[in-house]
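None of the values given here were measured: they were computed from a predicted structure.
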Amino acid sequence: MPELAEVEYYRKQWTPAIGQRVVGVELHADKRIFRGQDTDALRSGLKGQALQRAEAHGKQMAFVFGDCHWLGLHLGMTGKTRIESADYEPGKHDHLVLRMQSGDQLIFIDPRLFGRVLYAACKSGEPDWWQGLPPGILSDAFTRERMNAFLKRRARSPIKAVLLMQEAFPGVGNWMADEILWRSRICPATRAGDLDQQQTKALYRRLREVCRDALRVIGTDWSRPPDSWLFNHRWKDGGVCPKTGCPLIREPIGGRTTCWSPKWQNSGAPK
DNA sequence: TCCTATGTTGTATG
DNA sequence: ACATACAACATAGG
């Protein structure tokens with residue numbers, strides 16, 4: 001589920017606990033989401049500390065407790081955060097539960113276990129996994145020049161696969177990539193290096209537009225996107241393009257199922 | 001039974 | 001070293 005806007009939504013699920021202290025930590029230490037982590041250190045590190053802030057960058061979240069305890073969460077494919085009241089009984093996929101002094105429980109759920117939990121205590125500064133993150137797509141540092149340079153470096157890969165690369169497009173996932181290419185009228189199979197200037201210009205504009213739209217519609221309260229987006233049509237059997245009324249195509253590109261509108265998104269090799 | 005799933009990563013190959 | 005492609009991870013649901 002989680003891409004840029006969904007991650008922002010899940011970040012906010014824990015913010016009601018800001019200012020509250022952790023009084024207990026329950027976790028399933030043998031689960032894959034804790035791979036490489038010292039869960040005892042996580043337990044003892046967080047206990048007694050108050051949640052200070054909650055941040056998101058792309059698909060990565062960071063929750064800071066006390067003055068030096070960092071909890072990183074990545075939601076993988078099926079991860080979610082929730083907040084529950086004191087009487088809630090954690091279920092089998094609730095792999096991390098922080099019991100707060102208010103009685104609230106901060107829950108991290110992940111049935112498929114593709115997510116990840118990170119913990120670090122840093123006396124000063126940020127953990128390495130929160131440093132040197134690529135510029136957010138809506139930040140000033142995310143320039144057209146920067147994007148174009150990356151497209152050139154990945155010139156022989158389909159643009160769909162390139163948009164999924166987190167080191168350049170943090171937060172973009174499968175549905176956003178399809179939405180962006182559809183709005184840009186670019187065929188997802190086009191090699192990144194074959195895009196002409198008009199196409200890269202459209203791509204840059206629509207990329208930022210989809211990020212803004214998604215954060216506004218999904219990131220705030222998870223509203224249903226309007227039918228004018230590709231979003232509501234792409235997984236439906238017999239779905240049609242809202243622009244042309246023609247049937248949408250679904251086919252794997254770059255290892256992921258991709259949906260596009262063949263007439264609308266120029267299919268041939270450009271130029 | 002088989003196929004799919006809004007993600008990343010390790011490994012093989014060029 | 002760099003770019004590219006793909007299986008593997010673990011579980012649920014259609």
Inset, instruction - Would you classify A:T257 as touching base, sugar-phosphate or nothing, given that sugar-phosphate means primed atoms plus P, OP1 and OP2, and contacts are heavy atoms under 4.0 Å? - result: sugar-phosphate

Legend entry - Passing option when A:Q105 is tested against A:R99, A:E89, A:E26, A:E84 for side chain to side chain donor-acceptor pair (under 3.5 Å): A:R99

Legend entry - Carboxylate-amine/guanidinium proximity below 4.0 Å for A:R154 and A:E167: yes

Legend entry - OP1 or OP2 of B:dG7 under 4.0 Å from side-chain N/O of A:R256: yes

Legend entry - Note: A:D237-A:R250 ion pair, threshold 4.0 Å (strictly below): yes

Inset, instruction - Working to the nearest 0.5 Å, report the span between CZ of A:R206 and CG of A:L203. - result: 11.0 Å

Inset, instruction - Look at the rings of A:W70 and A:W129 and say which category their plane angle falls in: under 30° parallel, 30 to 60° tilted, over 60° perpendicular. - result: perpendicular

Inset, instruction - List for me each residue that meets side-chain hydrogen bond (donor to acceptor under 3.5 Å, both in side chains) alongside A:E8, sequence neighbours excluded, and say none if there are none. - result: A:R11

Inset, instruction - Using atom CD1 of A:I33 as one end and atom P of B:dG7 as the other, report the distance to the nearest whole Å. - result: 18 Å

Legend entry - Contact under 4.0 Å: A:S157 side-chain N or O vs C:dA5 OP1/OP2: yes

Legend entry - side chain to side chain donor-acceptor pair (under 3.5 Å) between A:T244 and A:K263, worked out: CA-CA 8 Å; A:T244 65; A:K263 284 216 178 86; over 6 Å; no

Inset, instruction - Scan residues 162-183 of chain A against DNA chain B and write down, sorted by residue number, each residue with any heavy atom closer than 4.0 Å; if none is found, say none. - result: A:Q166, A:G173, A:N174, A:W175

Legend entry - Pairs touching residues 8-54 of chain A that satisfy ring pair (Phe, Tyr, Trp, His ring centres under 6.0 Å), sequence neighbours left out: A:Y9-A:W222, A:Y10-A:W222, A:W14-A:F63, A:H28-A:H95

Inset, instruction - Between B:dT9, B:dG7, B:dT6, spot the one nearest the side chain of A:W235, thanks. - result: B:dT6

Inset, instruction - Grab the CG-C1' distance between A:L73 and B:dG7 for me, whole Å please. - result: 15 Å

Legend entry - Under 4.0 Å protein heavy-atom contact, by nucleotide of nucleotides 6-14 of chain C - B base, S sugar-phosphate only: ---BBBS--

Inset, instruction - Note every stem involving DNA chain C: at least three consecutive Watson-Crick or G-U wobble pairs, i with j then i+1 with j-1, with both distances under 3.5 Å. - result: B:2-5 with C:11-14, B:7-14 with C:2-9

Legend entry - Residue met sooner reading DNA chain B from 5', once A:R35 and A:W222 are mapped to nucleotides: A:W222

Legend entry - Closest non-hydrogen atom pair between A:A17 and A:L106, with its separation: CB-CD2, 3.8 Å

Legend entry - Plane angle bin for A:W264 and A:W182 - parallel if under 30°, tilted between 30 and 60°, otherwise perpendicular: tilted

What are the atom names and distances for every N/O pair under 3.5 Å that joins the protein to nucleotides 12-14 of chain B?
none

Inset, instruction - Write down the distance separating the P atoms in C:dA7 and B:dC3, rounded off to the nearest Å. - result: 14 Å

Legend entry - Under 3.5 Å: donor-acceptor pair, side chain of A:K12, backbone of A:G219: yes

